[in-house]
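Here's the structure, in structure tokens; my notes come after.
One-based numbering along the sequence shown. The structure displayed is predicted, hence computed values, not measured ones.
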Amino acid sequence: MLYRLPILILTTGIVYIFISPSEPLAFSIFFKVIPMVLILIYAFEQSLPKRKTVHYWIIGGIIFCLIGDATLHWFLIGLTAFFVGHVFYTIGFLKEWRFSLPRFLSSIPLILFACWIGYQLISRLQTDGETTLIIPVIAYIGIITLMTFTAVMTGNRWAVLGSILFIISDSMLAWNMFISSFAAANEVIMLTYYSAQFLIAHSLFTIDSKHKGVAW
């Protein structure tokens, strides 16, 4: 029973990524959100028995990301939902902020990477004449970078790994959409995405502890 939900999340994720058809759209969306619904249930379980404010913020982030999954076909709607989800994650992680110089310094490569990927995307959007997307893309890069930075500053290994996988997944998604498509893009993007969300949900078991789950 202990591993029931993780096994279900893994199974339904594999079904969506490798088995379920992409058409019709409603059918595809249904299978896409099933793993996220299970991750949401898992997050509720992980935050028991003593749920605190930080847990509600992270759970709220998962809910908005779930909405983003269901609406990403309509890009700006989905992007907005994910943006709000990252705001919720950021607020939750800020409540567990524990300053550490090694953590702060380890965040510098993430910030540099965000600047680099942002430059690449903006250059391509300008070249393609998609200038209306520049501000939303910059805003999204900013919030997911801030989310990852605050996760790192919690020192919680599960939150840190989950947030890094999230930024990797979204970077590959953006690269595939706007710069250059690559083989097996959807599979790699979704595997890292579901893993990111699962690890963030899993962090709720330890995120509010001063000892468990603390990486450094």
Side-chain angles (χ1 to χ4, degrees), residues 25 29 32-33 35-37 39-40 43 53-97 107 110-126 128 130-154 156 159-179 185-186 188-201 203-204 207:
L25 179 61
I29 291 173
K32 184 180 184 182
V33 301
M36 282 300 296
V37 171
I39 287 172
L40 179 61
T53 306
V54 58
H55 298 125
Y56 286 108
W57 283 111
I58 301 300
I59 288 169
I62 294 172
I63 291 171
F64 274 99
C65 288
L66 195 161
I67 295 169
D69 280 323
T71 58
L72 195 58
H73 182 76
W74 304 276
F75 183 68
L76 286 179
I77 298 175
L79 192 70
T80 301
F82 276 112
F83 183 94
V84 176
H86 288 309
V87 170
F88 273 67
Y89 285 149
T90 300
I91 294 171
F93 293 143
L94 279 171
K95 290 185 174 296
E96 295 301 308
W97 178 288
S107 300
L110 294 171
I111 295 169
L112 293 175
F113 173 76
C115 292
W116 176 80
I117 194 74
Y119 174 78
Q120 298 296 324
L121 289 172
I122 292 167
S123 298
R124 178 51 64 93
L125 290 171
Q126 288 175 330
D128 294 345
E130 298 282 356
T131 54
T132 56
L133 292 177
I134 290 177
I135 292 178
V137 166
I138 291 174
Y140 186 79
I141 291 171
I143 192 60
I144 194 172
T145 304
L146 180 60
M147 183 277 291
T148 306
F149 174 65
T150 54
V152 169
M153 294 305 292
T154 68
N156 183 288
V160 172
L161 183 55
S163 65
I164 291 173
L165 282 175
F166 214 134
I167 208 169
I168 290 171
S169 177
D170 278 2
S171 297
M172 290 190 293
L173 174 63
W175 193 275
N176 185 64
M177 284 184 65
F178 299 116
I179 298 178
N186 184 65
V188 177
I189 291 164
M190 293 309 300
L191 281 170
T192 50
Y193 171 72
Y194 285 140
S195 299
Q197 295 284 25
F198 175 80
L199 290 172
I200 289 173
S203 76
L204 290 177
I207 198 170

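Across all non-hydrogen atoms, the minimal contact from Ala151 to Ser163 is CB-OG, 3.4 Å. Here the shortest heavy-atom pairing between Thr80 and Leu76 reads OG1-O, 2.7 Å. Of all heavy-atom pairs between Gly162 and Ala196, the closest is O-CB, 3.2 Å. The minimum heavy-atom distance between Val160 and Val152, with the atom names listed, is CG2-CA, 3.6 Å. Minimum interatomic distance between Ala185 and Asn176 (heavy atoms only, all atoms of both residues): CB-OD1, 3.3 Å. Nearest heavy atoms, Gly92 versus Ile58: CA-CD1, 4.1 Å.
Residue pairs satisfying the side chain to side chain donor-acceptor pair (under 3.5 Å) criterion with at least one member in residues 165-174, sequence neighbours excluded, are listed as follows: Tyr140-Asp170, Ser169-Thr192. Judged as a side chain to side chain donor-acceptor pair (under 3.5 Å), the pairs with a partner in residues 69-79 (not counting sequence neighbours) are, in order, Asp69-Tyr193. Applying the side chain to side chain donor-acceptor pair (under 3.5 Å) definition to pairs two or more places apart or across chains, none involves residues 114-125.
Residues Ile141 and Leu121 are in side-chain contact: their nearest non-hydrogen atoms beyond the backbone lie under 4.5 Å apart. Two residues are said to be in side-chain contact when any heavy atoms from C-beta on lie closer than 4.5 Å; Phe75 and Met177 meet this criterion. Two residues are said to be in side-chain contact when any heavy atoms from C-beta on lie closer than 4.5 Å; Tyr194 and Lys32 meet this criterion. With a 4.5 Å cut-off on side-chain heavy atoms, Ile111 and Thr145 count as touching. The shortest side-chain heavy-atom distance between Leu72 and Leu173 falls under the 4.5 Å cut-off. Taking the side chain as every heavy atom from C-beta outward, Thr154 and Trp97 never approach each other to under 4.5 Å. Between Phe166 and Phe82, some side-chain heavy-atom pair lies under the 4.5 Å cut-off. Thr53 is listed as a side-chain neighbour of Lys95, based on a closest heavy-atom distance under 4.5 Å.
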Self-check item: Stepwise side chain to side chain contact (heavy atoms under 4.5 Å, CB included) check, Ile62 with Tyr89
Solution: CA-CA 8 Å; Ile62 294 172; Tyr89 285 149; 3.1 Å; yes
Practice problem: Start with the C-alpha distance between Leu204 and Ile59, add both sets of side-chain angles, then the distance that settles side chain to side chain contact (heavy atoms under 4.5 Å, CB included), and finish with yes or no. | Solution: CA-CA 9 Å; Leu204 290 177; Ile59 288 169; 4.0 Å; yes
Exercise. Could you walk me through whether Leu133 and Phe178 pass the side chain to side chain contact (heavy atoms under 4.5 Å, CB included) test, one step at a time?
Key: CA-CA 11 Å; Leu133 292 177; Phe178 299 116; 3.9 Å; yes
Self-check item: Test log, rule side chain to side chain contact (heavy atoms under 4.5 Å, CB included), inputs Phe93 and Met153
Solution: CA-CA 8 Å; Phe93 293 143; Met153 294 305 292; over 6 Å; no
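One distance of note links CD1 of Ile39 with CD1 of Ile63; it measures 13.0 Å at 0.5 Å rounding.
Around the CG atom of Leu112, the shell of radius 6.0 Å holds more than 12 heavy atoms that belong to other residues, nucleotides or ligands.
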